[in-house]
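None of the values given here were measured: they were computed from a predicted structure. Throughout, protein chains are lettered first and strands after them, A, B, ... in sequence-line order, and every chain is numbered starting at 1.
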Protein chains: 2
Amino acid sequence: MTLSEEDYIKAIYHLGKGENRMVSTNALSESMETKPSSVTDMVRKLSEKGVAHYKKYKGVCLTENGQKIALALIRKHRLWEVFLVDSLNFSWDEVHEVAEQLEHIKSEKLIDELDKLLGYPQVDPHGDPIPSKKGEFKKAIKKLLNEVPVGSRGICVGVKDSSGPFLKFLDKNKIALGDAITVLDKEEFDGSLHIKIKDRKMQISDQIATNLYLKITE
Amino acid sequence: MTLSEEDYIKAIYHLGKGENRMVSTNALSESMETKPSSVTDMVRKLSEKGVAHYKKYKGVCLTENGQKIALALIRKHRLWEVFLVDSLNFSWDEVHEVAEQLEHIKSEKLIDELDKLLGYPQVDPHGDPIPSKKGEFKKAIKKLLNEVPVGSRGICVGVKDSSGPFLKFLDKNKIALGDAITVLDKEEFDGSLHIKIKDRKMQISDQIATNLYLKITE
DNA sequence: AATTAAATTTAGACAAAACTAAAAATATGT
DNA sequence: ACATATTTTTAGTTTTGTCTAAATTTAATT
Ligand SMILES: [Mn+2]
Ligand SMILES: [Mn+2]
Ligand SMILES: [Mn+2]
Ligand SMILES: [Mn+2]
């Protein structure tokens, strides 16, 4: 597969939202930042290569084989992201662009060894699960911190309230996107949470918890 | 620069043998495994881009700017090779193909951090020097082990006598290509050498020393 | 010096991956 | 149901990097 073909396969997979839904030409066009006519040409080619099912005017989805390729790419992308953050001091928001290049490097051994070096991580720095070599993984869901059971672990991936005061509050309390959070306990009385965030323990009110998104796998 | 352009620039550099000699179309063609006509097109393009000097029928060499690009690529290639061997358990002879891909990844921070992670190595697993960020490096020379002064350090990169018995001898004594060797002392009487090879000390006869090539930098 | 050989360039073609402009199919609104 | 709007495809170009075949220049040999 060429670099371009690989990026299209990944995009079809992601737009298919986990299960293999039909993806429209325009959706792909927007996601790939190419014109719809270019998409038509490409999906036809992918179809001829046996990695996608394409029906004129009806959209495209991946074949079994196409899904395997997509998962292998996602595995590589996310392992590289872990490497960049854990070993090379990249931050949460710097990794994507580089991983987008690294995911295309062809070497089975490279990825196996990288996986080993990193200690077989289960999730990437954004809280997204890393498929196994066989393509298996638990899917990640995004939930508000107050809806999640005690004991859950995940990554802080967003805010519901994006007002200035709230963001300032987060900054002051050193809560940032990308931080790993574990819910240790919940006070039934007022709904406040005891959490561990980046190896540091703290307590947050229910009002804060209802405005923070956590990405958890399983 | 595109991937192809980068590979041509590197090839021009290497065929120019350290100092910027004129490189023939056919030499490039052979090195790049493309036809001479393709080379003509490419060097003309590189010339228009200001990274090479090209005179019809006379050959091509790099401009200042072209040399900078070449050295940056070589730096990346060799740092990745060190990473593959030191961190990912690749062996000496497995790294080149993968490094050939990795060298094209675009990210300044990636290379700086990789350099730091690896402890600012001076040579790659083949004993070739790694240019600094500014493009400085000492050039490597290949010498027979018996011609090298006491104290020299380098990498075993070849044999002069490639007969069966000699290779068997090396195998039995666990001397292999890619091994790091330091010359500790020399017996004036018979020319035999005390060496450290891969953290292990041993003594080798002059006859062995005259048939092993060492790549040393400086 | 003339002829032959080798190296190099030109001319024309092709596949990949993109584009624009126009045509065709599908969806939407009254 | 019909007209309009949106989506998608077709047709024809472009750029990049390669190729083959033929022409041209340079080198080598008699
Ligand atoms: Mn990519
Ligand atoms: Mn990610
Ligand atoms: Mn390369
Ligand atoms: Mn090397």
Side-chain angles (χ1 to χ4, degrees), chain A residues 1-17 21-62 66 69-70 73 97 100-101 103-106, chain B residues 1-17 21-62 66 69-70 73 97 100-101 103-106:
Chain A
M1 292 292 148
T2 71
L3 189 149
S4 244
E5 289 168 348
E6 290 186 342
D7 280 338
Y8 271 96
I9 290 172
K10 258 199 339 164
I12 295 170
Y13 181 90
H14 282 131
L15 292 170
K17 290 213 54 153
R21 289 156 50 173
M22 274 297 194
V23 174
S24 78
T25 299
N26 267 11
L28 259 177
S29 158
E30 185 173 1
S31 157
M32 294 294 300
E33 298 183 297
T34 58
K35 299 290 166 182
S37 53
S38 306
V39 172
T40 302
D41 286 346
M42 181 55 91
V43 298
R44 187 162 281 151
K45 181 164 51 145
L46 292 177
S47 176
E48 272 155 21
K49 284 203 172 187
V51 297
H53 295 297
Y54 167 62
K55 275 274 162 60
K56 259 188 178 189
Y57 296 103
K58 298 190 97 181
V60 68
C61 66
L62 296 175
I69 294 170
L73 286 165
E97 184 194 3
E100 201 57 46
Q101 301 175 59
E103 70 191 357
H104 302 285
I105 302 293
K106 266 97 180 161
Chain B
M1 292 292 148
T2 71
L3 189 148
S4 244
E5 289 168 348
E6 289 186 343
D7 280 339
Y8 271 96
I9 290 172
K10 258 199 339 163
I12 294 169
Y13 181 90
H14 282 131
L15 292 170
K17 292 215 53 158
R21 288 154 52 171
M22 275 295 194
V23 174
S24 78
T25 300
N26 268 12
L28 259 175
S29 159
E30 185 173 2
S31 158
M32 294 295 300
E33 297 183 298
T34 59
K35 299 291 166 180
S37 54
S38 306
V39 172
T40 302
D41 287 346
M42 181 55 89
V43 298
R44 187 162 282 150
K45 180 163 53 144
L46 292 177
S47 176
E48 272 155 22
K49 284 202 172 189
V51 297
H53 295 297
Y54 167 62
K55 275 273 163 59
K56 260 188 176 190
Y57 296 103
K58 299 190 97 182
V60 67
C61 66
L62 296 175
I69 294 170
L73 285 165
E97 184 194 5
E100 200 57 46
Q101 301 175 58
E103 70 191 358
H104 302 286
I105 303 293
K106 266 97 181 161

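If you take CD of A/E5 and C1' of C/dA15, they are 12 Å apart, rounded to a whole angstrom. Nucleotide D/dA11 holds its P atom 11 Å from the CG atom of A/D41, rounded to whole Å. Atom pair B/M42:CE and D/dT16:P shows a separation of 10 Å (rounding to whole Å applied). Here the P atom of nucleotide D/dT26 and the CE atom of B/M22 are 14 Å apart, to the nearest Å. Rounded to a whole Å, the CD atom of A/E48 is 13 Å from the C1' atom of C/dA15. A straight line from CG of A/D7 to P of C/dA16 spans 17 Å, rounded to a whole angstrom.
Here NZ of A/K55 is found 9.5 Å from OG of A/S47. Values are rounded to the nearest 0.5 Å.
The phosphate of D/dT10 (OP1 or OP2) has a side-chain N or O of A/K56 nearer than 4.0 angstrom. Distances shown here put a side-chain N or O of B/S4 below 4.0 Å from the OP1 or OP2 atom of D/dT18. Note on A/Y8: a side-chain N or O is less than 4.0 Å away from OP1 or OP2 of C/dA18. Not one side-chain nitrogen or oxygen of A/R44 sits closer than 4.0 Å to the OP1 or OP2 atom of D/dT9. Taking only side-chain nitrogens and oxygens, B/S37 never comes nearer than 4.0 Å to OP1 or OP2 of C/dT9. Put simply, B/Y57 has no side-chain N or O that comes within less than 4.0 Å of OP1 or OP2 on D/dA23.
Under a cut-off of 6.0 angstrom, the local environment of NZ in A/K58 is sparse, with at most 12 non-hydrogen atoms contributed by other residues, nucleotides or ligands.
Side-chain contact between B/M1 and B/V51: present, with at least one pair of heavy atoms (C-beta onward) separated by less than 4.5 Å. In this structure, the side chains of B/K10 and B/D7 come closer than 4.5 Å at one or more pairs of heavy atoms.
Residue contacts for A/T40: at a heavy-atom cut-off of 4.0 Å it reaches a base atom on one of the strands shown.
Using a 4.0 Å cut-off on heavy atoms, the residues of residues 24-36 of chain B that approach DNA chain C are B/S24, B/T25, B/N26, B/P36, listed by number.
No salt bridge links A/K106 with B/E97; every basic N to acidic carboxylate O contact stays at or beyond 4.0 Å.
Residue B/L46 is tested with B/I69, B/D41, B/I12, B/V60 for a side-chain contact (heavy atoms from CB on, under 4.5 Å); the sole match is B/I12.
With 3.5 Å as the limit, one finds a donor-acceptor pair spanning the side chains of B/T34 and B/Y8.
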